Amino acid sequence: MRLIKMLKQFSLIAICFFATSIYIHAQDFMINIPERVQTSLNGKWEYIIDPVDVGIKKWKSLYKDVPNNKEHRSEYAFISSLTLNVPGDFNSQKPELKFYESTVWYKKVINIKKKKGKRLFLYFDAVNYLSDVFFNSEKIGSHEGGFTPFQFEITDSVKDGENSIILRVNNRRQKEGVPALGYDWVNYGGITRDVRLVETNETFIEDYFIQLKKGANKKIEGYIQLNGSKLSQKVSIKIPEAKISHTITTDNTGYAKISFDKKLKLWSPSNPKLYKVVIQSETDSIEEYIGFRTISTHGTKIILNGKPMFLKGVNFHEEASERKSRAYTKEDAKKHLTMAKELGCNFIRTAHYPQNEYVVRLAETMGFMLWEEIPVFQGINFNNKETIKLANRQLTEMLRRDKNRCAIIIWSVSNETYPSHTRTSVLKSLVDSCRVIDNTRLVSSAINKYKKKGEVFTIKDDLIDVLDVIGMNQYIGWYDGWPVAPEEIVWKSEYNKPLIISEFGAEALYGHHGTNNDASSWSEEFQEKFYRDQITMQKNIPFLGGTCPWTLIDFRSPLRLHPIYQDYWNRKGLLSEKGYRKKAWYVMREYYGSIN
Ligand code: GCB
């Protein structure tokens, strides 16, 4: 836990260089944002499209919010009739921004009435990808990374009355970024998730971790962290339903360990039990529904609450396919999760990045186990120190936000990275950081390299030495043909660890019919047979702990160029973008229905 504090202090002062500006990284954010006292800053924001990023270089007055008048003329303007919806990606809101990857400026004027003894924070659930934030003409900070929250305190710069917020948001792919240049989804830019003005007391409960201790089923452990000037306080953790009231005292850094014994009802997919937990300090109080469960492995089995569990999974992107936009509402989350339930799933891989909190929280109440990953995706520059720092920061932010979600059973550090000495040592260090922050969960990575010899497929990657679970993306039958009949394929692994097929899939256009033995037919029949063949093969893997089709629903991708069958859609969905079931959906549904 001490190490976490050191990591936190480091991230507070971390400074990295980008283009001509100096990036002061956002503060560590407070957790459990839905329960904070807040005003939503969602709604209409004025915008300016800046394709060559001239604003930051030439028009200082733009972000300083200097009015354009007789004395001062600049060749730009925010106009009240030109607005974008926040949250929401900009690409889907204006036809001219369809595949746009550059800067958009955002502006909102808000009215604030200052309150004595209260602190104020601007809190962004996520902005893709780079954000520079200006408040009342001053730069208050920056953030890099499109899928995790960040906040800035504005208490001292707030005025009674009108205050202006200006953001430069740039979603240009970065060679040194996380993710880097190549990825198979639309790079939806903009203020893609909720924005909030959060009010706290002078000293408030900033962060806490409350979970079952690793390997124990009746010891609750964790910590609490206060933020403010009255750091040493008595804090109680109450779980009224279980008649728990545990009191601790924070030290002069606002930190205290939590540890008490209690046997609680355990969360599981069939009984997603959550307890109301109330945390009360002398100056603040917050509550949250938290579940308790154990997760471990035993040989090649995944063990939930002491019992082996097969993960009936599915992948999906944070995309509202039918709307052709980022998904960002609770209803969007409900829609995807209901579709996964209908397929018979008990497990979700939120694909390649942390999705919004609606997805994670709703999944937990609906009884899904989750795999959550940072976008360390192919093509990452493992030789660049700044890139590695950034990956680490995204990992820290993901764990910080979601560590109290018992539904998350697996943290993943990467997807399909090319094995090399540097890559492996960087990923191993990410696995280590992950375990320092949270040793209660399993750690994995989706790898995609195996050795093929005739009918034998051998799993081998040095990274696996440090993983709890092997994630394997394989596209046998789609990108690679079947070397022998599916039932003849033999998977071998020298690791005594469970395997999750983290991806497998084939393309079909909904409503398009054709032969079932020709991948180029793009037909539902081909995809249906592909699924039958994959299931035949997977059933023969003795160390298989779960599987995850790629994907639940067709998603947009600028990489998918077939004008007739794809038209910038990845068609590996079991459902069309409108949610219609392809034939393969029924195959998967039947398979999941046959597993207890
Ligand atoms: C993969 C990637 C995923 C792609 C998928 C595909 O291995 O992890 O992001 O969308 O393959 O469809 O090729």
Side-chain angles (χ1 to χ4, degrees), residues 99 128 146-147 173 177-188 313-319 321 324 326-327 336 348-355 371-380 391 410 412-419 423 427 444-450 452 457 459 461 463 467 469-481 499-510 519-520 522 526-527 530-531 534 538 546-562 565-577 582 584-585 588:
F99 286 128
N128 190 36
F147 304 101
R173 288 158 203 257
V178 179
L181 294 177
Y183 42 89
D184 188 22
W185 65 83
V186 173
N187 180 17
Y188 290 113
V314 78
N315 288 279
F316 59 78
H317 273 294
E318 190 183 43
E319 180 179 71
S321 306
K324 298 189 186 163
R326 258 267 172 270
H336 281 139
I348 284 158
R349 175 170 175 241
T350 59
H352 303 306
Y353 43 79
Q355 297 199 12
W371 161 310
E372 204 171 45
E373 186 168 294
I374 46 168
V376 170
F377 182 97
Q378 299 173 359
I380 290 281
I410 298 174
S412 165
V413 296
S414 57
N415 179 71
E416 298 186 355
T417 50
Y418 195 79
R423 162 277 202 180
L427 292 184
S444 192
S445 160
I447 58 173
N448 64 340
K449 298 280 174 263
Y450 44 80
K452 250 186 325 189
F457 286 65
I459 298 172
D461 188 321
L463 178 62
L467 302 178
V469 175
I470 309 165
M472 171 63 71
N473 297 353
Q474 55 81 19
Y475 284 86
I476 307 166
W478 179 250
Y479 293 121
D480 308 318
L499 169 75
I500 297 175
I501 300 288
S502 32
E503 288 180 25
F504 70 102
E507 306 231 346
L509 180 64
Y510 172 75
S520 66
W522 302 84
F526 174 79
Q527 193 195 36
F530 164 92
Y531 266 83
Q534 274 281 342
Q538 293 185 24
T547 192
C548 249
W550 186 263
T551 62
L552 180 63
I553 183 162
D554 287 353
F555 62 94
R556 294 175 69 235
S557 165
L559 264 54
R560 304 294 163 175
L561 309 180
H562 195 295
Y565 301 114
Q566 294 181 306
D567 194 22
Y568 307 106
W569 286 90
N570 183 315
R571 294 287 180 201
K572 295 191 187 72
L574 291 165
L575 300 165
S576 75
E577 74 271 27
K582 301 182 193 175
W585 185 93
M588 212 51 216

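Side chains are part of it too, since the values below use all heavy atoms of this structure and drop only hydrogens, waters and symmetry mates. Whatever order the structure lists ligands and atoms in, that order sets their numbers, starting from 1. Starting from 1, each residue takes its place in the sequence as its number. The shown structure was predicted, so the numbers you read here are calculated from the model rather than taken from an experiment.
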*Is the closest basic N to carboxylate O distance between Arg556 and Asp567 below 4.0 Å?*
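Asp567 and Arg556: not salt-bridged.
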*asked:* Between Glu503 and Arg349 (salt bridge meaning N to carboxylate O under 4.0 Å), is one present in this structure?
replied: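 Salt bridge present between Glu503 and Arg349.
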_Taking the side chain as everything from C-beta on, heavy atoms only, tell me whether Pro549 gets closer than 4.5 Å to Asn315._
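Counting from C-beta outward, Pro549 and Asn315 never come under 4.5 Å.
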*Within the side chain of Glu507, is there an N or O that forms a donor-acceptor pair under 3.5 Å with the backbone of Arg571?*
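Pair found, side chain donor or acceptor close to backbone of Arg571.
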*asked:* Just to be sure I understand the cut-off, which residues have at least one non-hydrogen atom under 4.0 angstrom from an atom of ligand 1?
replied: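 Within 4.0 Å of ligand 1, protein side: Asp184, His352, Phe377, Asn415, Glu416, Asn473, Tyr475, Tyr479, Glu503, Trp550, Phe555, Arg560, Asn570, Lys572.
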*Quick one: is the NZ or CZ of Arg326 closer than 6.0 Å to the six-membered ring centre of Phe147, and within 45° of its axis?*
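The answer is no, since Arg326 fails at least one limit relative to Phe147.
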*Among all residues two or more places apart in sequence or in another chain, which pass the salt bridge (Lys or Arg N to Asp or Glu O under 4.0 Å) test with Glu416?*
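Once residues adjacent in sequence are excluded, Glu416 has no partner under the salt bridge (Lys or Arg N to Asp or Glu O under 4.0 Å) criterion.
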